Amino acid sequence: MGKISTKLEINIEIDVVYNNLKNRYNSERFKKASIDTKGYVPPIELIKNEVNSKLVFKAKGTDSLTKMKIGEWKWSYDFRDLGEKRTEIIISYEWSSLMEFLSFFTIKHQAANELTETVLSLDSLEYLNV
């Protein structure tokens, strides 16, 4: 099983960050972008929800050629209130050994892209909340 993670601090209240990340996969924009780029909306499942503390999501990997479900992604957000409208977030991505092999060992780079995009969206959220 592979895993990457990062820890960051953001100048936003914990409940705003938590709600943003909890609901991000339900937006119409996410669904439209998924249809436009993948041809389907990935079934992302919230498997752990501890309010203002931890979120864990999972999704089956999908082979781009056959559209068959293979392996599994799992990612989590761990939150800690730092006071004064500041939040610490640990973002982690995990994947199965099968996905590692079937991706020709590029899955870590894909996970890194997902993680980085999440950080960029939090930067935008912080900018809007200043």
Side-chain angles (χ1 to χ4, degrees):
M1 170 97 54
K3 182 177 180 175
I4 60 170
S5 65
T6 190
K7 180 167 60 171
L8 58 124
E9 294 180 12
I10 189 166
N11 293 315
I12 305 175
E13 293 174 346
I14 195 169
D15 58 326
V16 173
V17 178
Y18 164 83
N19 284 317
N20 176 270
L21 293 172
K22 179 179 175 251
N23 297 310
R24 70 188 303 186
Y25 304 108
N26 297 323
S27 79
E28 290 306 313
R29 288 185 188 109
F30 172 78
K31 292 173 186 174
K32 181 183 181 325
S34 293
I35 293 292
D36 289 350
T37 60
K38 300 177 185 188
Y40 66 98
V41 178
I44 296 172
E45 183 182 350
L46 177 60
I47 59 173
K48 190 170 195 175
N49 181 7
E50 297 174 6
V51 177
N52 291 347
S53 180
K54 186 176 190 80
L55 294 167
V56 180
F57 293 90
K58 77 174 184 177
K60 292 285 185 184
T62 303
D63 179 73
S64 60
L65 295 175
T66 65
K67 303 297 184 213
M68 290 178 56
K69 301 295 183 200
I70 51 168
E72 178 179 272
W73 286 92
K74 192 184 292 184
W75 60 100
S76 62
Y77 308 109
D78 293 281
F79 307 94
R80 187 166 66 101
D81 190 345
L82 299 175
E84 299 181 19
K85 298 182 180 183
R86 290 184 54 74
T87 303
E88 178 184 271
I89 308 158
I90 298 173
I91 305 169
S92 301
Y93 278 80
E94 298 178 34
W95 54 91
S96 67
S97 298
L98 177 62
M99 286 191 63
E100 182 90 39
F101 177 74
L102 293 174
S103 74
F104 298 102
F105 304 96
T106 64
I107 199 81
K108 181 177 181 179
H109 299 290
Q110 293 174 43
N113 287 340
E114 295 285 337
L115 190 151
T116 302
E117 289 169 8
T118 299
V119 171
L120 290 172
S121 74
L122 291 171
D123 280 349
S124 295
L125 185 64
E126 181 179 48
Y127 176 77
L128 293 172
N129 279 287
V130 172

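Below, each value reflects all heavy atoms present in this structure, side chains not excepted, and no hydrogens, waters or symmetry copies. These numbers were taken from a predicted model, which means no experiment stands behind them.
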Subject >> Flag side-chain contact, heavy atom, 4.5 Å: V16 against T87 >> reply: no
Original post:
Does the side chain of V17 reach to within under 4.5 Å of the side chain of Y77, using non-hydrogen atoms?
Top reply: no
Original post:
Measuring from I12:CD1 to E126:CD, what's the distance to the nearest 0.5 Å?
Top reply: 5.5 Å
**OP:** Please step through side chain to side chain contact (heavy atoms under 4.5 Å, CB included) for the pair L55 and F79, ending with a clear verdict.
**Re:** CA-CA 9 Å; L55 294 167; F79 307 94; 3.9 Å; yes
Original post:
Roughly how far, to the nearest 0.5 Å, is OG1 of T118 from CG of N113?
Top reply: 10.5 Å
Subject >> S76 versus V56, closest heavy-atom pair with distance >> reply: CB-CG2, 3.8 Å
Original post:
Shared ILVMFWY cluster between L82 and I10, side chains joined below 4.5 angstrom?
Top reply: no
**OP:** Kindly write out the residues that satisfy side-chain contact (heavy atoms from CB on, under 4.5 Å) with S34, not counting sequence neighbours, or none if the list is empty.
**Re:** F30, V41, P42
Subject >> Residue pair N26 / K22: nearest heavy atoms and the distance that separates them >> reply: ND2-O, 4.3 Å
Subject >> Spacing of N20 atom CG and D15 atom CG [to the nearest 0.5 Å] >> reply: 11.5 Å
Subject >> Qualifying residue for side chain to side chain contact (heavy atoms under 4.5 Å, CB included) with D78, from E88, K7, K54 >> reply: K54
**OP:** Provide the closest heavy-atom pair for F57 versus I44 in the form atom of the first, atom of the second, distance.
**Re:** CD2-CG2, 3.7 Å
Original post:
Does K58 offer a backbone N or O that forms a donor-acceptor pair with the side chain of E45 under 3.5 Å?
Top reply: no
Subject >> Contact check, side chains of W95 and K108, non-hydrogen atoms, under 4.5 Å >> reply: yes
Original post:
Which value, rounded to the nearest 0.5 Å, describes the distance between E28 atom CD and I35 atom CD1?
Top reply: 10.5 Å
Original post:
Which distance, rounded to the nearest 0.5 Å, do you find between the CZ of R80 and the CZ of R86?
Top reply: 10.5 Å
Original post:
Can you tell if the side chain of S92 reaches within under 4.5 Å of the side chain of K3, non-hydrogen atoms only?
Top reply: yes
Subject >> Minimum heavy-atom distance K74-I47, with the two atoms named >> reply: CE-CD1, 4.1 Å
**OP:** Over all heavy atoms of both residues, which pair between I91 and L122 is shortest? Give the atoms and the distance, please.
**Re:** CD1-CD1, 4.3 Å
Original post:
Among N23, D81, N52, N49, which residue meets the side-chain hydrogen bond (donor to acceptor under 3.5 Å, both in side chains) test with Y18?
Top reply: N49
Subject >> K85: side-chain contact (heavy atoms from CB on, under 4.5 Å) partners, not counting sequence neighbours >> reply: E13
Original post:
Passes side chain to side chain contact (heavy atoms under 4.5 Å, CB included), L46 versus Y25? Steps please.
Top reply: CA-CA 10 Å; L46 177 60; Y25 304 108; over 6 Å; no
Original post:
Between CG of N19 and CD1 of I14, what distance do you get to the nearest 0.5 Å?
Top reply: 10.5 Å
Original post:
For the residue pair W75 and Y93, does the interplanar ring angle fall in the parallel (under 30°), tilted (30 to 60°) or perpendicular (over 60°) class?
Top reply: parallel
